[in-house]
> 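Please see the structure below; I have some questions.
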Amino acid sequence: MTFGKGSHLHLIDGSAFIFRAYHALPPLTRKSDGLPVGAVSGFCNMLYKYIEDASGHDAPTHAAVIFDHSGKTFRNDLYPAYKANRPPAPEDLVPQFPLTREATRAFNVACIEIQGFEADDVIGTLAHQARDAGGRVTIISSDKDLMQLVGDGVEMLDPMKNKRIDREGVEEKFGVGPERVVDVQALAGDSVDNVPGAPGIGLKTAALLINEFGDLDSLLARAEEIKQPKRRETLIDKAEQIRISRELVKLVCDMELDFTLDSLEVQEPDADRLLDFLSKMEFRTIVKRVSDKFGVAPPAIPEAPSTASAPDAPATPESKPFDTAAYEKVSTMGALERWIDAIYARGYVAVDTETTGLDEMVADLVGVSLCVEPGVACYIPVGHTVGEDDLFGGSNLVDGQLAKNMVLDALKPVLEDPSILKIGQNMKYDAKIFARNGIKVAPCDDTMLMSYALHAGINGHGMDTLSERYLNHTPIPTKELLGSGKSAITFDKVEMTKAVAYAAEDADVTLRLWQMFKPQLHAERVTTVYETLERPLSPVLARMEMAGVLVDRDVLSRMSNAFAQKMAGLEDEIHQLAGENFNVGSPKQLGEILFDKMSLPGGKKGKTGAYATGADILEDLAAEGHELPARVLDWRQLSKLKSTYTDALQTFINAETGRVHTSYLQTGAVTGRLSSSDPNLQNIPVRSEEGRRIREAFIAPKGRKLISLDYSQIELRILAHVANIDSLKQAFRDGLDIHAMTASEMFGVPIEGMDPMVRRQAKAINFGVIYGISGFGLARNLRIPRAEAQGFIDRYFERFPGIKQYMDDTVEFAKDHKYVQTLFGRKIHTPEIGAKGPQAGFAKRQAINAPIQGSAADIIRRAMIRMPEAIKDLPATMLLQVHDELIFEVDEDACDAVIEVVKDVMESAAAPAVHLDVPIEVDAGIGDTWAEAH
DNA sequence: GGTCTCACG
DNA sequence: GACGTACGTGAGACCG
């Protein structure tokens with residue numbers, strides 16, 4: 001049927017509808033795997049109702065659903081900030097976008113989206129075409145931006161309120177007719193779409209002006225005539241901005257389309273196809289209705305939810321059992337090719353590497369295992385050896401192995417193929433091994449990181465833990481293969497059958513975990529956390545670790561010697577003071593000397609029956625004038641510096657690179673912080689003068705410098721933001737000394753000439769607040785009576801009632817949900833929050849602290865993820881992260897340029913996901929050593 | 001292997 | 001009214 005007089009076109013604004021359905025309906029997930037489908041369900045119900053009504057008296061002859069195409073439109077070129085402040089779509093809505101397209105096609109309705117244009121433009125164009133052809137148009141939407149199209153046979157229908165909007169409706173809303181809607185919108189602007197408009201002029205004023213002057217062009221031309229001075233000025237000054245705004249809100253109604261109105265003719269849906277889609281979505285009610293309508297039997301939908309939707313459920317009996325005997329040992333190129341074909345057929349593969357050691361900067365590759373579906377896994381040995389290595393560093397390879405370079409050459413295209421997803425458990429390790437063999441593995445999913453996004457605070461994220469908890473399967477323990485202690489062997493010496501079983505099983509476990517976790521990310525609303533904070537960080541950390549930091553061995557060893565001498569002297573003194581020789585390093589012996597032999601006061605035994613001899617206790621004794629504990633404190637400081645730093649650090653200098661390569665554990669802290677180990681470079685001394693000198697051993701090579709940039713007071717700034725404390729926020733904006741400001745608020749003293757002691761107390765309170773303050777803790781920290789400390793806290797909460805409110809709200813939230821969240825959606829589970837007894841206080845403080853510490857951690861993560869791209873053309877390498885500090889190695893002459901870029905990335909890292917109400921500030925330092933740069 | 005102590009943010 | 005307590009880590013030494 002040709003579109004013309006008597007035809008009736010329905011244009012459904014699909015994107016707007018999805019958003020409304022999403023927000024109006026309770027979150028609904030597909031039972032079998034937790035896929036969010038609430039908006040799809042609402043969308044399908046609407047389409048169904050639509051079809052049912054299609055036989056009614058006002059039935060459409062033609063229809064289409066129009067969606068926004070993702071990506072930029074011409075409006076972004078016109079005005080880059082257009083829709084820039086739109087938050088990203090909720091993560092559980094994102095996967096529903098393609099599903100609604102699928103639904104539209106299943107209903108056999110035309111589904112339209114056009115790149116570079118918004119749905120509104122397509123609707124405008126089609127409406128004009130239909131009107132010009134003499135037909136009628138109903139736009140099914142409530143978007144006010146479409147109201148400019150109303151009139152001459154074009155009407156709107158609000159699908160939620162079932163209300164028709166005609167000419168009068170538009171006039172009611174805008175105060176002008178449809179043809180002047182654009183003018184009014186251009187003046188009023190739109191904060192949702194970030195259309196600037198004329199500042200200070202809203203809908204009412206805009207309509208008034210347009211009605212007075214006729215249209216926008218006349219208004220702008222005769223702006224001088226406006227009586228109100230401010231209004232007049234705005235319209236003259238902002239004329240250009242207003243014109244741009246008009247271009248932004250004005251719909252394109254003359255797009256070139258590659259289809260005709262005739263092709264939109266309404267057609268009966270195909271029952272099979274429609275039911276197939278609906279049952280796949282597991283929409284039981286609508287499946288039944290559609291089946292009834294078409295007079296066919298409803299397709300079966302599995303009733304029992306699968307394990308995927310229940311995190312704690314053990315693997316069901318029908319899931320494939322583990323069978324280590326079924327794994328294949330790959331020892332011919334033909335077999336390897338078959339595996340590679342299988343990977344391409346799948347599009348993804350679980351990968352695991354076996355190596356000669358745990359230090360991925362030293363370890364050699366021994367074998368690779370692959371898995372493409374549960375139970376179907378293989379191991380490709382390439383470096384199994386027998387006997388001792390020969391004198392030339394070569395070794396005796398076991399027979400029946402492919403050559404390492406041939407295997408790597410064959411795997412490289414797969415591992416680097418952007419269309420093949422590589423799945424690993426702690427993929428950073430394997431990626432580094434491959435990187436040292438010239439292979440850049442990407443793209444990757446990591447089950448350890450998925451578990452971290454899902455389960456932080458509930459369980460650990462190691463493979464054994466995850467397998468036992470989520471697959472109900474205990475993998476072959478490493479100990480069984482390698483032994484432990486002195487008799488431990490390396491993987492290249494493991495007997496082949498056992499190696500195949502162990503290695504392939506790891507890949508099998510990894511794949512099964514991935515299949516389970518992937519849909520859970522959506523169901524638990526942590527897809528964004530995983531995709532934006534976890535997955536992209538892993539390769540950044542890998543690069544930092546491989547870069548390593550240069551450490552001067554001579555500096556360390558000289559310091560070690562100096563410490564040893566001093567310690568020996570102190571030890572003599574201590575023994576003399578004690579009147580006998582004993583092991584100063586033994587807290588037990590020290591306690592007995594202090595409290596039994598010398599009968600000093602304050603001897604308190606802990607739960608093990610030993611006296612406590614911590615620094616705080618020794619300090620108290622020293623303050624009373626006792627020599628021995630004072631000397632022990634000195635000795636302990638040196639002992640710590642020597643053993644943990646100057647001695648141990650030397651052993652971590654890599655023979656090949658001369659650098660120290662730490663290992664960052666992305667899942668180490670529940671809050672989202674990193675942890676560092678082997679060695680831990682996040683606790684290099686700085687607080688004591690003597691300890692700080694250890695940082696002189698961290699150096700830059702000749703011609704380069706170290707630069708250090710750290711966030712200033714980031715946790716307090718976050719607290720000011722999340723608790724929404726105006727005075728604190730203002731203090732940060734004014735660049736005040738925040739501790740002095742707190743003291744001033746609390747004690748009513750001026751900031752100028754403040755007693756340092758008063759400021760110190762305020763500082764302790766500020767920190768206490770972040771930690772979930774208690775009178776006891778503050779009293780101990782400040783060494784003041786508990787009642788006094790409690791008085792401070794009470795006064796603090798009186799002055800900042802918003803903070804108390806925030807803390808109470810956070811604890812309440814934790815009790816309701818059994819988790820707390822950072823500003824960026826990271827979940828930290830708090831299963832202990834309902835506990836009774838002393839546990840309760842602990843859990844409360846954790847719940848209060850976690851969102852603050854975690855949000856700060858998220859911010860620096862975001863900065864780190866963006867950093868490689870930001871500095872890619874600069875001679876700079878990111879080396880270290882210490883929670884709120886980043887350290888780079890930079891060419892001497894580029895320091896200032898690098899600092900400028902890095903600072904900007906760090907300070908703007910929260911945006912655009914979160915707009916902070918406080919400025920974020922970063923301090924920078926340059927030096928030849930870390931000591932200087934900090 | 002558990003406990004204590006102490007280095008950092 | 002008593003319980004216990006600042007938040008988050010990693011590592012080395014001692015000791016059974």
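First the proteins, then the strands, lettered A, B, ... as listed; each starts at 1.
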> Base, sugar-phosphate alone, or nothing: which one does Ile684(A) contact when heavy atoms must sit under 4.0 Å apart?
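Sugar-phosphate contact only - Ile684(A) comes under 4.0 Å of backbone atoms but never of a base.
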
> Do other residues, nucleotides or ligands put more than 12 heavy atoms under 6.0 Å from Arg659(A) CZ?
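Count over threshold, so yes.
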
> Once side-chain hydrogen bond (donor to acceptor under 3.5 Å, both in side chains) is applied, do any residues pair with Glu580(A), and if so which ones, sequence neighbours excluded?
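For Glu580(A) the side-chain hydrogen bond (donor to acceptor under 3.5 Å, both in side chains) partners, ignoring immediate neighbours, are Lys597(A).
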
> Would you classify Gly772(A) as touching base, sugar-phosphate or nothing, given that sugar-phosphate means primed atoms plus P, OP1 and OP2, and contacts are heavy atoms under 4.0 Å?
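The answer is nothing, as Gly772(A) stays clear of every strand by at least 4.0 Å.
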
> Regarding Ser855(A) and Thr822(A), do their side chains bring together a donor and an acceptor under 3.5 Å, going by distance alone?
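There is no such pair (donor and acceptor under 3.5 Å, judged by atom type) between the side chains of Ser855(A) and Thr822(A).
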
> Hey, does Asp710(A) reach any base, or is it just sugar-phosphate, or nothing, if we go heavy atoms under 4.0 Å?
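Since no nucleic acid heavy atom lies under 4.0 Å of Asp710(A), the category is nothing.
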
> With respect to the phosphate group of dT5(C), does any side-chain polar atom (N or O) of Arg845(A) fall under 4.0 Å of OP1 or OP2?
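Arg845(A) to dT5(C) OP1/OP2: no side-chain N or O under 4.0 Å.
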
> Is any NZ, NE, NH1 or NH2 atom of the basic residue among Arg631(A) and Glu571(A) found under 4.0 Å from an Asp or Glu carboxylate oxygen of the other?
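A salt bridge is absent here (no side-chain N lies under 4.0 Å from a carboxylate O).
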
> Between dA7(B), dT5(C), dA6(C), which nucleotide has the shortest distance from any of its atoms to the side chain of Phe776(A)?
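Of the options given, the side chain of Phe776(A) lies nearest dT5(C).
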
> Which nucleotide, dG8(C), dC15(C), dA11(C), lies nearest any side-chain atom of Val670(A)?
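Closest nucleotide among those given: dG8(C).
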
> Send over the distance from Met559(A) CE to dA7(B) P, rounded to a whole Å.
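Taking CE of Met559(A) and P of dA7(B), I get 14 Å after rounding.
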
> In terms of side-chain heavy atoms of Ala615(A), which of dA11(C), dT5(B), dC6(B) is nearest?
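That would be dC6(B).
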
> Assess whether a salt bridge exists between Arg795(A) and Glu745(A), defined as any Lys/Arg side-chain N lying under 4.0 Å from an Asp/Glu carboxylate O.
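Judged by the 4.0 Å cut-off on N to carboxylate O distance, Arg795(A) and Glu745(A) do not form a salt bridge.
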
> Base, sugar-phosphate, or nothing: which does Ser639(A) touch, judged by heavy atoms less than 4.0 Å apart?
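No contact.
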
> Rounded to the Å, how far apart are Glu832(A) CD and dG4(C) P?
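After rounding, the reported distance stands at 16 Å.
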
> Quick check: are there more than 12 heavy atoms from other residues, nucleotides or ligands sitting under 6.0 Å from CZ of Arg692(A)?
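Enclosed: over 12 neighbouring heavy atoms sit under 6.0 Å from CZ of Arg692(A).
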
> If you check the Ala669(A) side chain, which of dG8(C), dG12(C), dC15(C) turns out closest?
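Of the options given, the side chain of Ala669(A) lies nearest dG8(C).
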
> Please state how far atom CE in Met807(A) lies from atom C1' in dC7(C), giving the value in whole angstrom units.
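Going from Met807(A) (CE) to dC7(C) (C1'), I get 11 Å.
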
> Is it the case that dT9(C) (base atoms only) and Ser675(A) (side chain only) share a donor and an acceptor within less than 3.5 Å, ignoring hydrogens and angles?
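No such pair is found, so the answer is no.
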
> 5'-most contact on DNA chain C: Pro587(A) or His883(A), nearest heavy atom basis?
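The answer here is His883(A).
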
> Which is true for Asn781(A) with a 4.0 Å heavy-atom rule: it touches a base, it touches only sugar-phosphate, or it touches nothing?
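The answer is base, as Asn781(A) lies within the cut-off (heavy atoms under 4.0 Å) of a base atom.
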
> Apply the side chain to side chain contact (heavy atoms under 4.5 Å, CB included) test between Ile784(A) and each candidate in Glu788(A), Arg780(A), Arg786(A); give the one that qualifies.
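Of all the options given, the one that passes is Glu788(A).
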
> Can you tell me the distance, in whole Å, between the CG atom of Leu641(A) and the C1' atom of dC8(B)?
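After rounding, the gap between these two atoms is 12 Å.
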
> Classify the ring geometry between Phe813(A) and His817(A) as parallel (under 30°), tilted (30 to 60°) or perpendicular (over 60°).
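Aromatic pair Phe813(A)/His817(A) classed parallel.
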
> What contact category does Ala648(A) fall into here, base, sugar-phosphate, or nothing, at under 4.0 angstrom with non-hydrogen atoms?
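Answer is sugar-phosphate: Ala648(A) comes under 4.0 Å of backbone atoms only.
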
> Name the nucleic acid region contacted by Ala856(A), choosing base, sugar-phosphate or nothing; use a 4.0 angstrom heavy-atom cut-off, strictly under.
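Here Ala856(A) touches no strand at all.
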
> Quiz question: going by heavy-atom distance under 3.5 Å, is there a donor-acceptor pair between the base of dG9(B) and the side chain of Arg687(A)?
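Flag set: donor-acceptor pair detected.
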
> What nucleic acid atoms does Gly841(A) come within less than 4.0 Å of, heavy atoms only: base, sugar-phosphate, or nothing?
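Here Gly841(A) touches no strand at all.
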
> If you round to the nearest 0.5 Å, how far is CD1 of Ile765(A) from CZ of Phe800(A)?
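If we round to the nearest 0.5 Å, Phe800(A):CZ and Ile765(A):CD1 are 10.0 Å apart.
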
> From dG10(C), dG9(B), dT5(C), pick the nucleotide closest to the side chain of Leu665(A)?
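Of the options given, the side chain of Leu665(A) lies nearest dG10(C).
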
> As a test of reading the structure: which of dA6(C), dG9(B), dC15(C) is closest to the side chain of Gln853(A), going by heavy atoms?
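Given the options dA6(C), dG9(B), dC15(C), the side chain of Gln853(A) is closest to dG9(B).
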
> Are Glu715(A) and Arg673(A) ion-paired here, with the side-chain N under 4.0 Å from a carboxylate O?
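Answer for the salt bridge query: yes.
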
> Looking at dC7(C), dC15(C), dG8(C), which one has an atom nearest to any side-chain atom of Thr671(A)?
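Closest nucleotide to the Thr671(A) side chain: dG8(C).
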
> Using atom CD of Gln846(A) as one end and atom C1' of dG4(C) as the other, report the distance to the nearest whole Å.
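Gln846(A) atom CD is separated from dG4(C) atom C1' by 14 Å.
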
> In a check of side chain to side chain contact (heavy atoms under 4.5 Å, CB included) between Thr662(A) and each of Leu681(A), Asp678(A), Asn680(A), which one passes?
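Going through Leu681(A), Asp678(A), Asn680(A) one by one, the side chain to side chain contact (heavy atoms under 4.5 Å, CB included) with Thr662(A) is satisfied by Leu681(A) alone.
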
> Taking any heavy-atom pair under 4.0 Å as a contact, classify Arg692(A): base, sugar-phosphate, or nothing.
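The answer is nothing, as Arg692(A) stays clear of every strand by at least 4.0 Å.
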
> Name the nucleic acid region contacted by Ser774(A), choosing base, sugar-phosphate or nothing; use a 4.0 angstrom heavy-atom cut-off, strictly under.
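Result for Ser774(A) = base.
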
> Would you classify Glu715(A) as touching base, sugar-phosphate or nothing, given that sugar-phosphate means primed atoms plus P, OP1 and OP2, and contacts are heavy atoms under 4.0 Å?
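Nothing: the residue Glu715(A), judged by heavy atoms under 4.0 Å, touches no strand.
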
> Should Lys588(A) be listed as having a side-chain N or O under 4.0 Å from OP1 or OP2 of dT3(B)?
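No, no such contact exists.
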
> Between dT5(C) and dT3(B), how far apart are the two P atoms, rounded to whole Å?
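Rounded to whole Å, the distance is 14 Å.
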
> Measure from CH2 on Trp635(A) to C1' on dC4(B) and round the result to the nearest Å.
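The distance from CH2 of Trp635(A) to C1' of dC4(B) comes to 13 Å, rounded to the nearest Å.
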
> Let me know the distance between NZ of Lys763(A) and C1' of dA6(C), rounded to the nearest Å.
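About 16 Å, once rounded to whole Å.
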
> Take N1-N3 plus N6-O4 or O6-N4 for Watson-Crick, N1-O2 plus O6-N3 for G-U, both under 3.5 Å. Which runs of 3 or more such pairs involve DNA chain C?
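Runs of three or more consecutive pairs: B:1-9 with C:7-15.
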
> So what does Leu674(A) touch, heavy atoms closer than 4.0 Å: a base, only the sugar-phosphate, or nothing?
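If one applies the 4.0 Å heavy-atom cut-off, Leu674(A) turns out to touch nothing in the nucleic acid.
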
> Counting only side-chain heavy atoms from C-beta out, which of dC15(C), dT5(B), dG12(C) sits nearest to Arg636(A)?
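From the listed options, dT5(B) comes nearest.
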
> At 4.0 Å (heavy atoms only), tell me whether Phe842(A) reaches a base, stays on the sugar-phosphate, or touches nothing.
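Phe842(A): backbone/sugar contact only, no base atoms under 4.0 Å.
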
> Considering only dG12(C), dT5(B), dA6(C), which nucleotide approaches the side chain of Tyr771(A) most closely?
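For Tyr771(A), the side-chain atoms sit closest to dA6(C).
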
> What is the distance, rounded to the nearest whole Å, between atom CG of Asp647(A) and atom C1' of dA7(B)?
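Whole-Å distance recorded here is 15 Å.
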
> Can you find a side chain N or O atom of Thr613(A) that sits less than 4.0 Å from OP1 or OP2 on dT5(B)?
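For dT5(B), OP1/OP2 do have a side-chain N/O of Thr613(A) under 4.0 Å.
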
> I'd like the P distance from dC4(B) over to dG4(C), given in whole Å.
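Here dG4(C) and dC4(B) have their P atoms 15 Å from each other.
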
> Check every strand shown and say whether Asn683(A) touches a base, only sugar-phosphate, or nothing at a heavy-atom separation below 4.0 Å.
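Base contact.
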
